[in-house]
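Predicted model, so just to flag it, every value in this text is computed and none were measured.
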Amino acid sequence: QVQLVESGGGLVQPGGSLRLSCAASGSIFSVNSMDWYRQAPGKERELVARITGVGTTNYADSVKGRFTISRDNGKNTVSLQMNSLKPDDTAVYYCRFVVRLTFASAVYDYWGQGTQVTVSS
């Protein structure tokens, strides 16, 4: 069983920075992608950033140039460096891993519990 644990959320002023991390426990054979999603009150959950198993990255237009996703496959961790934060970035942030547990297994996805990011003066 794979569990994801997030850390790094909190309260920050506009223009500030935060770094989120997500670590997976359990045995993973391979990673298809590691993602960060967010959900603001009254809004749908949206994909913020993705990094694939080969290192390709994608970002939502709203965070391009401000957020950077990175990974350590050896430790099965993913981080999200968030700079120049805006009040609109306020949300609960979730990490998601899409993985294979063995060579022949199906693909599974796992979610973290979420961490609150609040950008306010």
Side-chain angles (χ1 to χ4, degrees):
Q1 183 71 357
V2 174
Q3 291 186 324
L4 305 183
V5 177
E6 300 158 1
S7 59
L11 172 65
V12 64
Q13 292 186 343
S17 298
L18 281 176
R19 185 177 180 87
L20 305 182
S21 294
C22 176
S25 62
S27 179
I28 295 173
F29 174 76
S30 66
V31 173
N32 285 23
S33 71
M34 299 174 175
D35 309 329
W36 286 98
Y37 284 75
R38 68 185 180 187
Q39 187 166 20
K43 295 186 177 180
E44 293 187 353
R45 191 172 296 188
E46 62 172 347
L47 178 64
V48 175
R50 167 170 290 160
I51 186 165
T52 69
V54 296
T56 303
T57 57
N58 298 97
Y59 297 92
D61 288 342
S62 58
V63 307
K64 282 181 181 176
R66 301 188 298 121
F67 290 11
T68 302
I69 189 170
S70 60
R71 78 188 198 285
D72 183 336
N73 278 350
K75 296 183 179 180
N76 286 330
T77 62
V78 65
S79 297
L80 185 68
Q81 178 66 41
M82 305 185 294
N83 299 327
S84 302
L85 283 161
K86 305 174 181 179
D88 284 350
D89 295 318
T90 296
V92 178
Y93 285 70
Y94 300 88
C95 61
R96 172 187 183 229
F97 280 28
V98 180
V99 304
R100 290 187 186 274
L101 302 182
T102 68
F103 175 77
S105 80
V107 175
Y108 296 93
D109 70 327
Y110 298 92
W111 291 82
Q113 80 284 1
T115 186
Q116 177 70 46
V117 171
T118 302
V119 184
S120 175
S121 55

Say you draw a straight line from [atom1] of [X] to [atom2] of [Y]; how long is it, rounded to the nearest 0.5 Å?
X    : Y   : atom1 : atom2 : result
M34  : L80 : CE    : CG    : 13.5 Å
S7   : L20 : OG    : CG    : 8.0 Å
Y94  : Q39 : OH    : CD    : 5.5 Å
W36  : R96 : CH2   : CZ    : 14.0 Å
R100 : I28 : CZ    : CD1   : 13.5 Å
R38  : E46 : CZ    : CD    : 4.5 Å

The test is side chain to side chain contact (heavy atoms under 4.5 Å, CB included); show your working for S120 and L11 and say whether it passes. CA-CA 7 Å; S120 175; L11 172 65; 4.2 Å; yes
Distance-minimising heavy-atom pair for [X] and [Y]:
X    : Y   : result
G53  : R71 : O-NH2, 3.1 Å
Q116 : A91 : NE2-O, 3.4 Å
Q81  : S17 : NE2-CB, 4.0 Å

Looking at K86 and D89, is any side-chain nitrogen of the basic one under 4.0 Å from a carboxylate oxygen of the acidic one? no
Connected via hydrophobic side-chain network under 4.5 Å: [X] and [Y]:
X    : Y   : answer
Y93  : L47 : no
V107 : I51 : no
L101 : F97 : yes
V12  : F67 : yes
Y110 : V92 : no

Could you check whether atom CD of Q113 has more than 12 heavy atoms from other residues, nucleotides or ligands sitting under 6.0 Å from it? yes
May I ask you to decide if the ring planes of F29 and F103 are parallel, tilted or perpendicular, using 30° and 60° as cut-offs? perpendicular
Would you please classify the geometry between the W111 ring and the Y37 ring as parallel, tilted or perpendicular, with 30° and 60° separating the classes? tilted
Side chain to side chain contact (heavy atoms under 4.5 Å, CB included) against S121, all qualifying residues, sequence neighbours excluded: P14
Would you please test L4 and V2 for side chain to side chain contact (heavy atoms under 4.5 Å, CB included) and show each step? CA-CA 7 Å; L4 305 183; V2 174; 4.1 Å; yes
By the side chain to side chain donor-acceptor pair (under 3.5 Å) test, which pairs, at least two apart or in different chains, include something from residues 47-59? D35-R50
CA sep, side-chain torsions, deciding dist, call: R19, S79, side chain to side chain contact (heavy atoms under 4.5 Å, CB included): CA-CA 7 Å; R19 185 177 180 87; S79 297; 3.5 Å; yes
